[in-house]
2 protein chains.
Amino acid sequence: MNRTAPTAAVNRTEAPSRKVSQIDLIYAEVLAAIFEQRLAPGTKLAEDALGEIFGVSRTMIRSVLQRLAHERIVQIHPNRGAFVAEPTPDEAREVLQARRLIEEGIIREVIRKPSPEDIKALRLSVAAERASLDKGDHPGWVRLSGDFHLRLAAIAGNETLAVYLRELVTRTSLIILQYQKGNASSCGCDEHMEIIRAIDAGDEPAAVALMRDHLQTCEDQLHLEDREAAADLYAIFAKPGRTVGKGGRETRK
Amino acid sequence: MNRTAPTAAVNRTEAPSRKVSQIDLIYAEVLAAIFEQRLAPGTKLAEDALGEIFGVSRTMIRSVLQRLAHERIVQIHPNRGAFVAEPTPDEAREVLQARRLIEEGIIREVIRKPSPEDIKALRLSVAAERASLDKGDHPGWVRLSGDFHLRLAAIAGNETLAVYLRELVTRTSLIILQYQKGNASSCGCDEHMEIIRAIDAGDEPAAVALMRDHLQTCEDQLHLEDREAAADLYAIFAKPGRTVGKGGRETRK
DNA sequence: TCATATATAATTGTATACAAAATAAATAAA
DNA sequence: TTTATTTATTTTGTATACAATTATATATGA
(Lines give C-alpha, C1' and ligand atoms only; values in the text may rest on other atoms or scores of the structure.)
Protein backbone atom coordinates (compact mmCIF):
# COMPACT_ATOMS: atom_id res chain seq x y z
CA MET A 1 0.00 0.00 0.00
CA ASN A 2 3.08 2.13 0.07
CA ARG A 3 4.51 1.26 -3.28
CA THR A 4 1.45 2.42 -5.16
CA ALA A 5 1.98 6.17 -4.69
CA PRO A 6 4.54 7.10 -7.36
CA THR A 7 6.33 10.04 -5.75
CA ALA A 8 3.41 12.25 -6.42
CA ALA A 9 3.56 15.68 -4.86
CA VAL A 10 7.33 16.01 -4.87
CA ASN A 11 8.58 15.84 -8.43
CA ARG A 12 6.09 18.44 -9.44
CA THR A 13 8.65 21.20 -9.65
CA GLU A 14 12.01 19.44 -9.50
CA ALA A 15 13.70 17.09 -11.93
CA PRO A 16 13.94 13.48 -10.70
CA SER A 17 16.19 14.26 -7.73
CA ARG A 18 19.55 14.80 -9.34
CA LYS A 19 21.39 17.51 -7.47
CA VAL A 20 19.05 17.89 -4.54
CA SER A 21 18.48 14.82 -2.43
CA GLN A 22 15.00 13.43 -1.89
CA ILE A 23 15.27 14.25 1.77
CA ASP A 24 15.92 17.91 1.05
CA LEU A 25 12.85 18.04 -1.12
CA ILE A 26 10.58 16.54 1.49
CA TYR A 27 12.11 18.78 4.11
CA ALA A 28 11.37 21.85 1.99
CA GLU A 29 7.87 20.63 1.25
CA VAL A 30 7.00 20.17 4.91
CA LEU A 31 8.49 23.52 5.78
CA ALA A 32 6.49 25.21 3.04
CA ALA A 33 3.33 23.54 4.26
CA ILE A 34 3.90 24.91 7.73
CA PHE A 35 4.51 28.45 6.53
CA GLU A 36 1.59 28.44 4.16
CA GLN A 37 -0.52 27.53 7.15
CA ARG A 38 -1.59 24.22 5.69
CA LEU A 39 -0.01 22.64 8.74
CA ALA A 40 -0.94 24.30 12.02
CA PRO A 41 1.27 24.30 15.12
CA GLY A 42 0.53 21.21 17.17
CA THR A 43 -0.40 19.07 14.19
CA LYS A 44 0.86 15.53 14.42
CA LEU A 45 3.23 14.46 11.67
CA ALA A 46 2.63 10.72 11.46
CA GLU A 47 5.46 8.85 9.77
CA ASP A 48 3.30 6.43 7.82
CA ALA A 49 1.07 9.16 6.44
CA LEU A 50 3.97 11.34 5.32
CA GLY A 51 5.69 8.32 3.82
CA GLU A 52 2.65 7.52 1.77
CA ILE A 53 2.15 11.13 0.70
CA PHE A 54 5.70 11.53 -0.54
CA GLY A 55 6.04 8.01 -1.85
CA VAL A 56 8.94 7.02 0.35
CA SER A 57 9.42 4.79 3.34
CA ARG A 58 9.42 5.87 6.96
CA THR A 59 13.21 5.78 6.98
CA MET A 60 13.51 9.01 5.08
CA ILE A 61 10.56 10.65 6.76
CA ARG A 62 12.24 9.94 10.06
CA SER A 63 15.39 11.62 8.85
CA VAL A 64 13.45 14.70 7.79
CA LEU A 65 11.62 14.86 11.10
CA GLN A 66 14.84 14.60 13.06
CA ARG A 67 16.31 17.44 11.06
CA LEU A 68 13.23 19.58 11.64
CA ALA A 69 13.40 18.70 15.32
CA HIS A 70 17.01 19.81 15.50
CA GLU A 71 15.89 23.14 14.10
CA ARG A 72 13.03 23.31 16.60
CA ILE A 73 10.38 23.45 13.89
CA VAL A 74 9.12 20.10 15.01
CA GLN A 75 9.00 18.61 18.45
CA ILE A 76 9.47 14.89 18.90
CA HIS A 77 7.89 13.18 21.88
CA PRO A 78 9.55 9.78 22.30
CA ASN A 79 7.24 6.89 21.41
CA ARG A 80 4.47 9.36 20.71
CA GLY A 81 5.43 11.01 17.49
CA ALA A 82 6.45 14.29 15.90
CA PHE A 83 4.37 17.45 16.06
CA VAL A 84 4.64 20.87 14.51
CA ALA A 85 6.25 22.91 17.25
CA GLU A 86 4.18 25.26 19.38
CA PRO A 87 6.73 27.78 20.59
CA THR A 88 6.02 29.03 24.09
CA PRO A 89 5.99 32.76 24.79
CA ASP A 90 9.31 32.35 26.58
CA GLU A 91 10.76 30.67 23.55
CA ALA A 92 9.42 33.43 21.34
CA ARG A 93 11.14 36.06 23.47
CA GLU A 94 14.37 34.06 23.39
CA VAL A 95 14.33 33.79 19.63
CA LEU A 96 13.74 37.50 19.19
CA GLN A 97 16.46 38.33 21.70
CA ALA A 98 18.89 36.05 19.91
CA ARG A 99 17.99 37.68 16.63
CA ARG A 100 18.59 41.17 18.00
CA LEU A 101 22.01 40.10 19.16
CA ILE A 102 23.04 38.34 15.98
CA GLU A 103 21.50 40.77 13.53
CA GLU A 104 23.04 43.81 15.17
CA GLY A 105 26.38 42.10 14.66
CA ILE A 106 25.50 41.32 11.06
CA ILE A 107 24.57 44.94 10.40
CA ARG A 108 27.91 46.09 11.78
CA GLU A 109 29.63 43.63 9.47
CA VAL A 110 27.59 44.58 6.42
CA ILE A 111 28.14 48.29 6.86
CA ARG A 112 31.88 47.97 6.57
CA LYS A 113 31.72 46.47 3.10
CA PRO A 114 29.49 48.74 1.04
CA SER A 115 28.80 47.03 -2.27
CA PRO A 116 26.44 48.78 -4.72
CA GLU A 117 25.09 45.55 -6.13
CA ASP A 118 24.36 44.24 -2.64
CA ILE A 119 22.37 47.36 -1.86
CA LYS A 120 20.54 46.97 -5.13
CA ALA A 121 19.68 43.36 -4.39
CA LEU A 122 18.35 44.39 -0.99
CA ARG A 123 16.11 47.02 -2.54
CA LEU A 124 14.79 44.49 -5.01
CA SER A 125 14.07 42.10 -2.17
CA VAL A 126 12.02 44.70 -0.34
CA ALA A 127 10.20 45.57 -3.56
CA ALA A 128 9.19 41.93 -3.94
CA GLU A 129 8.07 42.01 -0.34
CA ARG A 130 5.83 44.98 -0.92
CA ALA A 131 4.39 43.43 -4.07
CA SER A 132 3.56 40.29 -2.15
CA LEU A 133 1.91 42.33 0.58
CA ASP A 134 -0.15 44.35 -1.89
CA LYS A 135 -1.22 41.17 -3.60
CA GLY A 136 -2.54 39.98 -0.25
CA ASP A 137 -0.23 36.97 -0.28
CA HIS A 138 0.46 36.71 3.41
CA PRO A 139 2.45 33.45 3.46
CA GLY A 140 4.54 34.70 0.54
CA TRP A 141 5.25 37.92 2.40
CA VAL A 142 6.32 36.08 5.54
CA ARG A 143 8.86 34.18 3.49
CA LEU A 144 10.14 37.20 1.61
CA SER A 145 10.34 39.21 4.79
CA GLY A 146 12.66 36.55 6.18
CA ASP A 147 14.59 36.63 2.94
CA PHE A 148 15.59 40.22 3.52
CA HIS A 149 17.25 39.33 6.80
CA LEU A 150 18.95 36.28 5.33
CA ARG A 151 20.28 38.35 2.48
CA LEU A 152 21.92 40.67 4.97
CA ALA A 153 23.49 37.66 6.68
CA ALA A 154 24.81 36.45 3.36
CA ILE A 155 26.39 39.83 2.70
CA ALA A 156 28.03 39.77 6.12
CA GLY A 157 29.77 36.67 4.86
CA ASN A 158 29.74 34.53 8.00
CA GLU A 159 28.20 31.22 6.95
CA THR A 160 27.97 29.98 10.53
CA LEU A 161 25.97 32.98 11.66
CA ALA A 162 23.87 32.81 8.50
CA VAL A 163 22.86 29.24 9.31
CA TYR A 164 21.83 30.19 12.81
CA LEU A 165 19.90 33.18 11.56
CA ARG A 166 18.13 31.01 9.03
CA GLU A 167 16.93 28.78 11.84
CA LEU A 168 15.88 31.76 13.91
CA VAL A 169 14.01 33.33 11.00
CA THR A 170 12.19 30.08 10.39
CA ARG A 171 11.23 29.83 14.03
CA THR A 172 10.13 33.46 13.95
CA SER A 173 7.73 32.66 11.13
CA LEU A 174 6.24 29.92 13.26
CA ILE A 175 6.00 32.32 16.18
CA ILE A 176 4.29 34.98 14.10
CA LEU A 177 1.83 32.39 12.88
CA GLN A 178 0.99 31.57 16.45
CA TYR A 179 1.08 34.89 18.24
CA GLN A 180 0.61 37.71 15.75
CA LYS A 181 -2.30 39.87 16.82
CA GLY A 182 -4.77 41.19 14.31
CA ASN A 183 -4.84 39.94 10.77
CA ALA A 184 -1.52 41.42 9.68
CA SER A 185 0.97 44.15 10.39
CA SER A 186 1.51 47.10 8.11
CA CYS A 187 5.06 46.51 9.24
CA GLY A 188 8.10 45.24 7.53
CA CYS A 189 8.73 46.92 4.21
CA ASP A 190 9.12 50.46 5.43
CA GLU A 191 11.44 49.53 8.25
CA HIS A 192 13.46 47.35 5.92
CA MET A 193 13.78 50.29 3.56
CA GLU A 194 15.00 52.55 6.33
CA ILE A 195 17.63 50.00 7.29
CA ILE A 196 18.87 49.89 3.71
CA ARG A 197 19.11 53.65 3.62
CA ALA A 198 21.14 53.74 6.83
CA ILE A 199 23.48 51.08 5.48
CA ASP A 200 23.84 52.95 2.23
CA ALA A 201 24.65 56.13 4.15
CA GLY A 202 27.24 54.24 6.16
CA ASP A 203 25.60 55.31 9.40
CA GLU A 204 26.37 52.39 11.69
CA PRO A 205 24.69 53.57 14.89
CA ALA A 206 21.51 54.39 13.01
CA ALA A 207 21.46 51.11 11.11
CA VAL A 208 22.02 49.10 14.28
CA ALA A 209 19.34 51.03 16.14
CA LEU A 210 16.89 50.60 13.30
CA MET A 211 17.47 46.87 13.21
CA ARG A 212 17.01 46.57 16.95
CA ASP A 213 13.84 48.64 16.84
CA HIS A 214 12.54 46.65 13.91
CA LEU A 215 12.91 43.38 15.77
CA GLN A 216 11.49 44.94 18.90
CA THR A 217 8.48 46.08 16.90
CA CYS A 218 8.05 42.54 15.64
CA GLU A 219 8.05 41.26 19.20
CA ASP A 220 5.66 43.96 20.36
CA GLN A 221 3.17 42.94 17.71
CA LEU A 222 2.80 39.52 19.32
CA HIS A 223 0.76 38.80 22.36
CA LEU A 224 2.89 36.61 24.48
CA GLU A 225 0.85 36.37 27.64
CA ASP A 226 -2.07 33.98 27.26
CA ARG A 227 -1.08 30.46 26.38
CA GLU A 228 1.51 30.35 29.08
CA ALA A 229 -1.29 29.03 31.24
CA ALA A 230 -1.61 25.85 29.19
CA ALA A 231 2.06 25.02 29.61
CA ASP A 232 2.08 25.76 33.33
CA LEU A 233 -1.15 23.91 33.97
CA TYR A 234 0.51 21.24 36.08
CA ALA A 235 2.39 23.80 38.07
CA ILE A 236 -0.83 25.67 38.74
CA PHE A 237 -2.67 22.64 40.11
CA ALA A 238 0.28 21.04 41.83
CA LYS A 239 -0.25 22.40 45.33
CA PRO A 240 1.70 20.93 48.21
CA GLY A 241 -0.14 18.05 49.82
CA ARG A 242 -2.11 17.16 46.72
CA THR A 243 -0.61 15.21 43.87
CA VAL A 244 -2.05 15.51 40.42
CA GLY A 245 -0.07 13.25 38.12
CA LYS A 246 0.44 13.59 34.42
CA GLY A 247 -2.20 11.38 32.87
CA GLY A 248 -0.41 8.10 33.42
CA ARG A 249 2.94 9.00 31.90
CA GLU A 250 4.92 9.06 35.11
CA THR A 251 3.30 6.00 36.64
CA ARG A 252 4.26 3.35 34.10
CA LYS A 253 2.23 0.33 35.19
CA MET B 1 28.41 -10.96 13.56
CA ASN B 2 26.59 -7.96 14.90
CA ARG B 3 24.60 -9.61 17.57
CA THR B 4 27.67 -10.97 19.35
CA ALA B 5 28.88 -7.66 20.77
CA PRO B 6 26.79 -7.16 23.91
CA THR B 7 26.64 -3.37 24.13
CA ALA B 8 30.16 -3.28 25.39
CA ALA B 9 31.69 0.14 25.68
CA VAL B 10 28.48 2.01 26.35
CA ASN B 11 26.92 0.70 29.52
CA ARG B 12 30.21 1.06 31.29
CA THR B 13 29.15 4.13 33.20
CA GLU B 14 25.41 4.41 32.68
CA ALA B 15 22.57 2.24 33.85
CA PRO B 16 20.89 0.20 31.07
CA SER B 17 19.58 3.24 29.16
CA ARG B 18 16.56 4.27 31.14
CA LYS B 19 16.30 8.04 31.11
CA VAL B 20 18.91 8.77 28.45
CA SER B 21 18.32 7.26 25.07
CA GLN B 22 20.82 4.93 23.48
CA ILE B 23 21.38 7.46 20.74
CA ASP B 24 22.37 10.14 23.22
CA LEU B 25 24.89 7.80 24.77
CA ILE B 26 26.53 6.93 21.49
CA TYR B 27 26.51 10.57 20.51
CA ALA B 28 28.28 11.51 23.72
CA GLU B 29 30.74 8.66 23.35
CA VAL B 30 31.77 9.69 19.84
CA LEU B 31 32.05 13.31 20.90
CA ALA B 32 34.24 12.35 23.83
CA ALA B 33 36.44 10.27 21.58
CA ILE B 34 36.98 13.24 19.30
CA PHE B 35 37.88 15.58 22.13
CA GLU B 36 40.17 13.12 23.82
CA GLN B 37 42.00 12.93 20.53
CA ARG B 38 41.28 9.26 20.06
CA LEU B 39 39.54 10.25 16.85
CA ALA B 40 41.52 12.65 14.68
CA PRO B 41 39.95 15.12 12.27
CA GLY B 42 39.46 13.48 8.91
CA THR B 43 38.94 10.01 10.35
CA LYS B 44 36.26 8.03 8.60
CA LEU B 45 33.35 6.96 10.76
CA ALA B 46 32.15 3.78 9.08
CA GLU B 47 28.61 2.84 9.98
CA ASP B 48 29.18 -0.89 10.24
CA ALA B 49 32.21 -0.51 12.46
CA LEU B 50 30.49 1.89 14.85
CA GLY B 51 27.44 -0.33 14.91
CA GLU B 52 29.50 -3.30 15.94
CA ILE B 53 31.44 -1.32 18.52
CA PHE B 54 28.33 -0.01 20.24
CA GLY B 55 26.28 -3.15 19.70
CA VAL B 56 23.53 -1.50 17.71
CA SER B 57 22.42 -1.51 14.11
CA ARG B 58 23.39 1.01 11.48
CA THR B 59 20.01 2.68 11.88
CA MET B 60 20.97 4.32 15.14
CA ILE B 61 24.53 5.03 14.09
CA ARG B 62 23.12 6.85 11.10
CA SER B 63 20.95 8.95 13.36
CA VAL B 64 23.94 9.88 15.51
CA LEU B 65 26.04 10.78 12.48
CA GLN B 66 23.30 12.97 11.08
CA ARG B 67 23.04 14.79 14.35
CA LEU B 68 26.80 15.31 14.49
CA ALA B 69 26.70 16.49 10.90
CA HIS B 70 24.04 19.03 11.73
CA GLU B 71 26.36 20.35 14.42
CA ARG B 72 29.27 20.42 11.97
CA ILE B 73 31.34 18.02 14.04
CA VAL B 74 31.09 15.46 11.30
CA GLN B 75 30.96 15.94 7.58
CA ILE B 76 28.91 13.58 5.46
CA HIS B 77 29.91 13.00 1.85
CA PRO B 78 26.98 11.39 0.05
CA ASN B 79 27.61 7.78 -0.87
CA ARG B 80 31.10 8.02 0.62
CA GLY B 81 30.57 8.16 4.31
CA ALA B 82 30.95 10.33 7.40
CA PHE B 83 34.22 11.85 8.52
CA VAL B 84 35.33 13.77 11.56
CA ALA B 85 35.20 17.37 10.37
CA GLU B 86 38.35 19.23 9.43
CA PRO B 87 37.37 22.86 9.90
CA THR B 88 39.01 25.15 7.38
CA PRO B 89 40.80 28.30 8.55
CA ASP B 90 37.90 30.34 7.22
CA GLU B 91 35.48 28.27 9.22
CA ALA B 92 37.63 28.68 12.31
CA ARG B 93 37.56 32.46 11.95
CA GLU B 94 33.79 32.35 11.44
CA VAL B 95 33.24 30.33 14.57
CA LEU B 96 35.37 32.64 16.67
CA GLN B 97 33.65 35.70 15.23
CA ALA B 98 30.25 34.21 15.98
CA ARG B 99 31.39 33.47 19.50
CA ARG B 100 32.58 37.01 20.06
CA LEU B 101 29.21 38.30 18.98
CA ILE B 102 27.14 35.89 21.03
CA GLU B 103 29.28 35.85 24.12
CA GLU B 104 29.48 39.63 24.36
CA GLY B 105 25.70 39.59 24.38
CA ILE B 106 25.68 36.89 27.02
CA ILE B 107 28.04 38.87 29.23
CA ARG B 108 25.78 41.89 29.00
CA GLU B 109 22.87 39.72 30.03
CA VAL B 110 24.72 38.04 32.89
CA ILE B 111 25.97 41.28 34.36
CA ARG B 112 22.48 42.59 34.91
CA LYS B 113 21.51 39.71 37.19
CA PRO B 114 24.24 39.43 39.79
CA SER B 115 23.67 36.24 41.76
CA PRO B 116 26.24 35.32 44.43
CA GLU B 117 25.80 31.60 43.94
CA ASP B 118 26.30 31.96 40.19
CA ILE B 119 29.59 33.78 40.75
CA LYS B 120 30.60 31.09 43.19
CA ALA B 121 29.85 28.34 40.70
CA LEU B 122 31.88 30.16 38.07
CA ARG B 123 34.86 30.39 40.40
CA LEU B 124 34.60 26.69 41.17
CA SER B 125 34.51 25.94 37.47
CA VAL B 126 37.71 27.86 36.88
CA ALA B 127 39.31 26.14 39.85
CA ALA B 128 38.52 22.76 38.32
CA GLU B 129 40.00 24.04 35.10
CA ARG B 130 43.25 24.99 36.77
CA ALA B 131 43.45 21.67 38.55
CA SER B 132 43.01 19.88 35.26
CA LEU B 133 45.71 21.99 33.69
CA ASP B 134 48.14 21.38 36.55
CA LYS B 135 47.44 17.68 36.35
CA GLY B 136 48.48 17.82 32.70
CA ASP B 137 45.09 16.60 31.59
CA HIS B 138 44.82 18.49 28.34
CA PRO B 139 41.58 16.95 26.98
CA GLY B 140 39.95 17.42 30.36
CA TRP B 141 41.01 21.04 30.40
CA VAL B 142 39.60 21.68 26.93
CA ARG B 143 36.24 20.38 28.08
CA LEU B 144 36.24 22.32 31.34
CA SER B 145 37.36 25.45 29.57
CA GLY B 146 34.30 25.17 27.36
CA ASP B 147 32.22 24.53 30.45
CA PHE B 148 33.01 27.97 31.80
CA HIS B 149 31.55 29.61 28.73
CA LEU B 150 28.49 27.39 28.74
CA ARG B 151 27.89 28.16 32.38
CA LEU B 152 27.79 31.85 31.54
CA ALA B 153 25.27 31.12 28.80
CA ALA B 154 23.14 29.19 31.28
CA ILE B 155 23.18 32.13 33.68
CA ALA B 156 22.14 34.47 30.88
CA GLY B 157 19.04 32.30 30.67
CA ASN B 158 18.50 32.19 26.93
CA GLU B 159 18.24 28.51 26.06
CA THR B 160 18.32 29.19 22.33
CA LEU B 161 21.59 31.11 22.54
CA ALA B 162 22.97 28.50 24.92
CA VAL B 163 22.36 25.76 22.39
CA TYR B 164 24.13 27.70 19.68
CA LEU B 165 27.02 28.47 21.98
CA ARG B 166 27.32 24.82 22.90
CA GLU B 167 27.71 23.97 19.26
CA LEU B 168 30.24 26.73 18.75
CA VAL B 169 32.24 25.66 21.80
CA THR B 170 32.31 22.11 20.53
CA ARG B 171 33.50 23.25 17.14
CA THR B 172 36.09 25.44 18.82
CA SER B 173 37.51 22.41 20.57
CA LEU B 174 37.87 20.70 17.23
CA ILE B 175 39.51 23.81 15.82
CA ILE B 176 41.96 24.04 18.70
CA LEU B 177 42.83 20.39 18.21
CA GLN B 178 43.65 21.11 14.62
CA TYR B 179 45.27 24.53 14.67
CA GLN B 180 46.66 25.24 18.15
CA LYS B 181 50.31 26.07 17.87
CA GLY B 182 52.83 24.81 20.40
CA ASN B 183 51.91 22.10 22.86
CA ALA B 184 49.48 24.17 24.89
CA SER B 185 48.53 27.68 25.88
CA SER B 186 49.16 29.10 29.33
CA CYS B 187 45.86 30.76 28.57
CA GLY B 188 42.37 30.33 29.80
CA CYS B 189 42.16 30.25 33.56
CA ASP B 190 43.58 33.68 34.29
CA GLU B 191 41.47 35.38 31.68
CA HIS B 192 38.40 33.51 32.90
CA MET B 193 39.15 34.73 36.39
CA GLU B 194 39.41 38.31 35.24
CA ILE B 195 36.08 38.04 33.51
CA ILE B 196 34.48 36.79 36.71
CA ARG B 197 35.95 39.69 38.64
CA ALA B 198 34.60 42.20 36.15
CA ILE B 199 31.17 40.62 36.34
CA ASP B 200 31.29 40.62 40.10
CA ALA B 201 32.24 44.30 40.06
CA GLY B 202 29.34 45.01 37.72
CA ASP B 203 31.69 46.64 35.25
CA GLU B 204 29.97 45.89 31.95
CA PRO B 205 32.37 47.57 29.51
CA ALA B 206 35.33 45.86 31.14
CA ALA B 207 33.66 42.45 31.20
CA VAL B 208 32.66 42.72 27.56
CA ALA B 209 36.12 43.85 26.52
CA LEU B 210 37.75 41.06 28.50
CA MET B 211 35.55 38.47 26.83
CA ARG B 212 36.28 39.85 23.40
CA ASP B 213 40.01 39.92 24.09
CA HIS B 214 39.90 36.43 25.53
CA LEU B 215 38.34 35.03 22.38
CA GLN B 216 40.68 37.09 20.22
CA THR B 217 43.61 35.62 22.14
CA CYS B 218 42.23 32.15 21.47
CA GLU B 219 42.11 32.90 17.77
CA ASP B 220 45.58 34.44 17.76
CA GLN B 221 47.00 31.26 19.26
CA LEU B 222 45.98 29.31 16.19
CA HIS B 223 47.85 29.35 12.96
CA LEU B 224 45.24 29.61 10.31
CA GLU B 225 47.38 30.04 7.23
CA ASP B 226 48.94 26.72 6.20
CA ARG B 227 46.44 23.99 5.44
CA GLU B 228 44.45 26.28 3.22
CA ALA B 229 46.80 25.05 0.50
CA ALA B 230 45.57 21.49 0.84
CA ALA B 231 41.97 22.52 0.29
CA ASP B 232 42.80 24.76 -2.65
CA LEU B 233 45.04 22.17 -4.27
CA TYR B 234 42.73 21.69 -7.20
CA ALA B 235 42.38 25.42 -7.72
CA ILE B 236 46.14 25.79 -7.69
CA PHE B 237 46.76 23.22 -10.40
CA ALA B 238 43.69 24.01 -12.44
CA LYS B 239 45.23 26.41 -14.95
CA PRO B 240 43.26 27.40 -18.02
CA GLY B 241 43.89 25.04 -20.91
CA ARG B 242 44.83 22.15 -18.69
CA THR B 243 42.23 20.02 -16.93
CA VAL B 244 43.11 18.12 -13.84
CA GLY B 245 40.01 16.31 -12.67
CA LYS B 246 39.20 15.16 -9.20
CA GLY B 247 40.24 11.52 -9.20
CA GLY B 248 37.20 10.30 -11.04
CA ARG B 249 34.56 12.02 -9.02
CA GLU B 250 33.50 14.54 -11.61
CA THR B 251 33.84 12.27 -14.61
CA ARG B 252 31.30 9.64 -13.70
CA LYS B 253 31.88 6.96 -16.29
C1' DT C 1 -23.98 5.49 34.43
C1' DC C 2 -19.42 5.71 35.59
C1' DA C 3 -14.99 4.00 36.45
C1' DT C 4 -11.69 0.46 35.86
C1' DA C 5 -9.66 -3.27 33.54
C1' DT C 6 -8.67 -5.84 29.39
C1' DA C 7 -8.11 -6.70 24.64
C1' DT C 8 -7.30 -4.73 20.07
C1' DA C 9 -5.45 -1.62 16.91
C1' DA C 10 -2.30 1.83 15.46
C1' DT C 11 2.29 3.98 15.79
C1' DT C 12 6.95 4.44 16.90
C1' DG C 13 11.72 2.16 17.75
C1' DT C 14 15.14 -0.86 15.99
C1' DA C 15 17.13 -4.43 13.17
C1' DT C 16 17.62 -6.57 8.93
C1' DA C 17 17.43 -7.19 3.81
C1' DC C 18 18.21 -5.70 -0.56
C1' DA C 19 19.69 -2.12 -4.13
C1' DA C 20 22.98 1.33 -5.70
C1' DA C 21 27.23 3.35 -5.48
C1' DA C 22 32.06 3.62 -4.54
C1' DT C 23 36.39 1.52 -3.52
C1' DA C 24 39.73 -2.09 -4.10
C1' DA C 25 41.64 -5.85 -6.58
C1' DA C 26 42.74 -8.29 -10.54
C1' DT C 27 43.32 -8.84 -15.25
C1' DA C 28 44.51 -7.29 -19.83
C1' DA C 29 46.73 -4.16 -23.04
C1' DA C 30 50.43 -0.83 -24.12
C1' DT D 1 56.50 -1.61 -15.66
C1' DT D 2 52.74 1.24 -16.34
C1' DT D 3 48.11 2.32 -17.56
C1' DA D 4 43.36 1.06 -18.58
C1' DT D 5 39.52 -1.87 -18.03
C1' DT D 6 36.91 -5.17 -15.86
C1' DT D 7 35.49 -7.81 -11.80
C1' DA D 8 34.86 -8.37 -6.98
C1' DT D 9 34.29 -6.43 -2.50
C1' DT D 10 32.95 -3.16 0.60
C1' DT D 11 29.96 0.61 2.08
C1' DT D 12 26.20 3.59 1.86
C1' DG D 13 21.03 4.43 0.64
C1' DT D 14 16.42 2.88 1.13
C1' DA D 15 12.69 -0.26 2.09
C1' DT D 16 10.77 -3.67 4.83
C1' DA D 17 9.97 -6.68 8.93
C1' DC D 18 9.46 -7.30 13.60
C1' DA D 19 9.37 -5.69 18.56
C1' DA D 20 7.93 -2.36 21.99
C1' DT D 21 5.00 1.26 23.27
C1' DT D 22 1.00 3.99 23.22
C1' DA D 23 -3.75 4.95 21.95
C1' DT D 24 -8.43 3.24 21.16
C1' DA D 25 -12.22 0.35 21.79
C1' DT D 26 -14.64 -3.13 24.33
C1' DA D 27 -16.03 -5.39 28.18
C1' DT D 28 -16.59 -5.96 33.21
C1' DG D 29 -17.92 -4.62 37.89
C1' DA D 30 -19.43 -1.14 41.15
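Keep in mind that what you see is a predicted model, and the values were worked out from it rather than measured. Order of the sequence lines sets the chain letters (A, B, ...), proteins ahead of strands, with each chain counted from 1.
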Roughly how many Å is it from [atom1] in [X] to [atom2] in [N], rounded to a whole number?
| X | N | atom1 | atom2 | answer |
| --- | --- | --- | --- | --- |
| A:Gln22 | D:dT14 | CD | P | 7 Å |
| A:Gln66 | C:dT12 | CD | C1' | 12 Å |
| A:Leu65 | C:dT12 | CG | P | 9 Å |
| A:Glu52 | C:dA10 | CD | C1' | 14 Å |
| A:Phe83 | C:dT11 | CZ | C1' | 11 Å |
| B:Ile76 | D:dT14 | CD1 | P | 12 Å |
| B:Met60 | C:dT16 | CE | P | 12 Å |
| B:Leu50 | C:dT14 | CG | C1' | 17 Å |

Within 45° of the axis and under 6.0 Å from the centre of the six-membered ring of A:Phe35, does NZ or CZ of A:Arg143 qualify?
->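 Negative - A:Arg143 is either too far from the ring of A:Phe35 or too far off its axis.
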
Between the protein and nucleotides 10-12 of chain D, list the N/O to N/O atom pairs that are separated by less than 3.5 angstrom.
| from | atom 1 | to | atom 2 | distance (Å) |
| --- | --- | --- | --- | --- |
| D:dT12 | OP2 | B:Glu47 | N | 3.4 |

According to the Watson-Crick and G-U wobble definitions, with both distances under 3.5 Å, which nucleotide is paired to C:dA30?
->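 D:dT1 is the nucleotide pairing with C:dA30.
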
Any donor-acceptor N or O pair under 3.5 Å, side chains A:Glu159, A:Tyr164 =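 Result is no, nothing qualifies.
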
CD on B:Glu29 to CZ on B:Phe54, rounded to 0.5 Å =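 If I round to the nearest 0.5 Å, the distance is 5.0 Å.
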
State the CD-CD distance between B:Glu86 and B:Gln178, to the nearest 0.5 angstrom.
->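 Reported to 0.5 Å precision, the distance equals 5.5 Å.
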
Quick one: which of A:Leu174, A:Ile175, A:Thr170 gives a side-chain contact (heavy atoms from CB on, under 4.5 Å) with A:Val95?
->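 Result: among A:Leu174, A:Ile175, A:Thr170, A:Ile175 is the only option passing the side-chain contact (heavy atoms from CB on, under 4.5 Å) with A:Val95.
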
side-chain contact (heavy atoms from CB on, under 4.5 Å) with B:Leu122: which residues, sequence neighbours excluded?
->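 Result, side-chain contact (heavy atoms from CB on, under 4.5 Å) vs B:Leu122: B:Phe148, B:Arg151, B:Leu152, B:Ile155, B:Ile196.
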
Does a nitrogen or oxygen in the side chain of A:Ser57 sit under 4.0 Å from OP1 or OP2 of D:dA15?
->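 Answer yes for this pair, as a side-chain N or O of A:Ser57 is under 4.0 Å from OP1 or OP2.
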
